[in-house]
Number of protein chains: 2
Amino acid sequence: MKISEMSKRSGCSIQAIRYYEKEGLITAPARTEGNFRLYGSEEIERLSFINNCRALDLSLSEIKHLLELQSLPSTPCETVNVMIDDHLNVIETRLADLQKLQSSLRKLRPRCNSKRSIDQCGILEALSPNSNHSVSDG
Amino acid sequence: MKISEMSKRSGCSIQAIRYYEKEGLITAPARTEGNFRLYGSEEIERLSFINNCRALDLSLSEIKHLLELQSLPSTPCETVNVMIDDHLNVIETRLADLQKLQSSLRKLRPRCNSKRSIDQCGILEALSPNSNHSVSDG
DNA sequence: TTAAACTCTATAGTAACTATAGAGTCAAGT
DNA sequence: ACTTGACTCTATAGTTACTATAGAGTTTAA
Ligand SMILES: [Zn+2]
Ligand SMILES: [Zn+2]
Ligand SMILES: [Zn+2]
Ligand SMILES: [Zn+2]
């Protein structure tokens, strides 16, 4: 199978597949005489695995680590579990930050209605320093 | 005042200030004989404004637009209000995506406890294709 | 006068790709 | 045999908003 079929079957874009190869997440496949990449059906699994991990926003370096672990089947898997815990923490921190942002924006928005001029815009006023309606205020 | 004091007063890093100048968000200031940037106290306002906008995660291009509008004081401000609405929508979309991620990760995590080997890791199994415990399931 | 602290420009790096250019390959139809 | 279209190749630039660094010059204080 050539790269475009592999792309469809694994869910990874063609460029992503080539990129993963360059980054060492998958090994370079055989080539046709014309230098086209040629994959066997085994490789679908690995690329699909990568794709699943990306869907959880695991970084390529984390995924690489997981792939390395998979080649050591009898190792204890605690590293994996810890990685997911850590990753979840990162996501939750990001989530908390975004929620603060959302809250700030929701407070900011009603400072202005649609019928003012720029120099009377309550939003711009709140964004300006020396304002007692600061963005970061409770 | 030289750049490091401006940095402290505005909350922008020195590199960020130079970057904003290069990107045209602030105009190039006067220079000393020795070629050091020299700012007056007026410029604090503009940089603080930029900093406040960045705290809301507005992009530099959005901020640039806001700064341009500020030089047209009698224009209607609806553009500003719409920008905040749009930006809030972007943030809320991102938030919803992150919440899905969080939920997936929270479901994934308890598939494995600490005492298994890699080839029996419930997390790795769920991340693998052909698994009936897929990451994207319910 | 020399050392510390500051500033300058220019450049590389960040993450994970996407998009593009320019060239070659392959299969089908005429 | 020839051409067309679809596919693939490599290499490179672009994305965002900076941070970090190198190597050089400036300023200030001891
Ligand atoms: Zn992570
Ligand atoms: Zn307004
Ligand atoms: Zn925005
Ligand atoms: Zn496990």
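Each chain gets a letter, A, B and so on, in the order the sequences are listed, and its residues count up from 1.
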Measure [atom1]/[X] against [atom2]/[N] and give the value in whole Å, please.
X: B:I26; N: D:dC18; atom1: CD1; atom2: P; value: 12 Å
X: B:E23; N: D:dT19; atom1: CD; atom2: C1'; value: 15 Å
X: B:R94; N: D:dT16; atom1: CZ; atom2: C1'; value: 12 Å
X: B:M6; N: C:dC6; atom1: CE; atom2: C1'; value: 17 Å
X: A:I50; N: C:dA16; atom1: CD1; atom2: C1'; value: 13 Å
X: A:L47; N: C:dC17; atom1: CG; atom2: C1'; value: 15 Å
X: A:L38; N: D:dC7; atom1: CG; atom2: P; value: 17 Å
X: A:F36; N: D:dA6; atom1: CZ; atom2: P; value: 15 Å

Looking only at side-chain N and O atoms, does [X] come under 4.0 Å of OP1 or OP2 in [N]?
X: A:R31; N: D:dT10; answer: yes
X: A:R37; N: D:dT8; answer: no
X: A:Y20; N: C:dC17; answer: yes

When you compare [N] with [M], how far apart are their [atom1] atoms, in angstrom units rounded to a whole number?
N: C:dA12; M: D:dA13; atom1: P; answer: 11 Å
N: D:dG14; M: C:dT11; atom1: P; answer: 15 Å
N: C:dC17; M: D:dC18; atom1: P; answer: 24 Å

For the backbone of [Y] and the side chain of [X], can you confirm whether one donor and one acceptor N or O come within less than 3.5 Å of each other?
X: B:S7; Y: B:C12; answer: yes
X: A:E62; Y: A:S59; answer: yes
X: A:S103; Y: A:Q99; answer: no

Minimum heavy-atom distance between [X] and [Y], given as atom pair plus value:
X: B:I63; Y: B:L58; answer: CD1-O, 3.7 Å
X: B:S104; Y: A:L56; answer: CB-CD2, 3.7 Å
X: B:C77; Y: A:C121; answer: CB-CB, 3.7 Å

First of B:L58 and B:T32 reached from the 5' end of DNA chain D, by closest nucleotide: B:L58
A correct 5'-to-3' footprint of nucleotides 10-15 of chain C, with B, S and - meaning base, sugar-phosphate only and no protein heavy atom under 4.0 Å, is ------
Closest to the 5' end of DNA chain C, once B:I3 and A:K2 are matched to their nearest nucleotides, is B:I3
Flag side-chain contact, heavy atom, 4.5 Å: B:I123 against B:R109: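 They are in side-chain contact.
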Counting C-beta onward and ignoring hydrogens, is there a side-chain heavy-atom pair between A:E125 and A:R111 closer than 4.5 Å?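 A:E125 does not reach A:R111 side chain to side chain.
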Strand-adjacent residues in residues 8-17 of chain B, judged by heavy atoms under 4.0 Å from DNA chain D: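 Correct list: B:S13, B:Q15, B:A16.
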Any salt bridge between B:K100 and A:D57, counting N to O under 4.0 Å?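 Judged by the 4.0 Å cut-off on N to carboxylate O distance, B:K100 and A:D57 do not form a salt bridge.
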Passing candidate, side chain to side chain donor-acceptor pair (under 3.5 Å) with A:E5, options A:R9, A:K8, A:K2: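 Answer after filtering A:R9, A:K8, A:K2: A:R9.
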